Amino acid sequence: MTDPRIVFTDANLIDGEHPARAGMNVVVEGERIESVSEAPPVARPGDRLVPLGGRTLMPGMVQAHFHSHFGAFGEGVTAPALGLEAAPPFLSMLAAVNARTALHCGFTGALGSSSGHGIDVCLKEAILLGLVEGPRYRACTRELVTTGESSDYPNNRTWFMELGNKGLTYEVDGADAWRHATRAELGRGADVVKISASPGHGSVPARDVMYLTREELRACVDTAHTLGKKVRAHVASRIGVLECARAGVDVIDHADRLDEECIEAILEAGSFVVPSMLWTVRFLEIAENWDHAEKPLPISEGYPEELATTLERIRGVREDFEYTARMMPEANRAGVKMVVGDDFGTPVMPHGTYVDELELYVKQLGFSALDVIRWATKNGAELLDLGDEAGTIEPGKLADLLVVDGDPLTDINCLREANLLAILKGGAFVKDALPGA
Ligand SMILES: [Zn+2]
């Protein structure tokens, strides 16, 4: 007895790698793709026939910078007390909701990017057990930081960074301590270690420094790799990106201020880059349009000298953004493996608004929609170590698929949730709003 099949016909096929092909047919049997063909497949009794009438069939996407339990914050652009803003049981419920949201937005895979209280590991297990609906999930550790990072912030709003070991962050100093922390954090079941390697990004200007010593960085990366795990780094300085790539950091988050030498080192290491530029855009939209005379931006205390610091900070963020927006296309052209994902869960970019990031890249920063879709599908699956299993539409691969009402290569906005007519994860419908369903 063979499984009933799903037979998609007349698809605009975006396979995750090549330009779109019209009039294509894809058969799904069980959890996998059985065939991809121009010729109509021979139907079998019991097949579910899905004539797509030119609608798009594409791989499920991967959210590569997923803060599972972000979203319990207040308003505006003040830094939240990460991991301490609500009780851990509440944050874990939020993580379950966010995971479901991501899946229903077409993200069939996700990689965590720092998580407190072991929430990411629990989320991954809960998804695997079917307790919670969510993407194929890779769990992240707390964010390992070096002592004194909070001094980079110009006011007292980030006091929580000094609490060190209680929330999302964990203070580590010295190569031996980095080895120990890496083992201890990964030993709880995470797949990737998050480290904070430099200041900068989003709402804080870059400075050309590293937080970790080279020995600390290499101790962390070598330990993680020995265990078969990955390292991802918040890094937004030229020297930081360069050192992280040279040390073999697997995921370079943000990568503000990268230059040609960095791009070469990233290519050499085969690291993935998460440009994550939406948060910066959102911050600047608010900060540059703020009436600073009327009241202080929540990142400042409102004293004259604080206001000057704030305005200087905003100018610094703008300059970093303009520079990085010029360099990212060079990195992309050079063949750097880009992936999508950003700090969703902050008030100005709630979970569920993921397509805003893709829209930014295509409509404002000039990347081709096909490239951005490749980042979200093929590259994302490779990042999850699922390159042979998912990310493209090919016979034998897992049927992680989206049916899109429209052509995202013409308008990337068709990837918004309302236009997703079907979402399949491993051949099973997560969402089925196909005509005649
Ligand atoms: Zn982040």
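Everything quoted here is computed from the prediction, not taken from an experiment. Nothing fancy with the numbering, it's 1 onward along the sequence. Indexing begins at 1, ligand by ligand and atom by atom, following the structure's order.
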Would you mind listing every ring-ring contact (aromatic ring centres under 6.0 Å, His included) that reaches into residues 108-131, with sequence neighbours excluded? none
Go through the structure and list residues passing ring-ring contact (aromatic ring centres under 6.0 Å, His included) with His65, not counting sequence neighbours. His67, His254
Run the ring-ring contact (aromatic ring centres under 6.0 Å, His included) test against Phe344 and tell me which residues pass, sequence neighbours left out. Tyr354
Please give me the minimum heavy-atom distance between Ala99 and Leu123, naming the atom from each residue. CB-CD1, 3.8 Å
Cationic N near anionic O, under 4.0 Å, Asp250 to Lys229: no
For the Zn ion (ligand 1), which protein N/O/S atoms fall under 2.8 Å? Skip waters. His65 NE2, His67 NE2, Asp343 OD1
Straight-line distance of Arg318 CZ to Arg315 CZ, nearest 0.5 Å: 12.5 Å
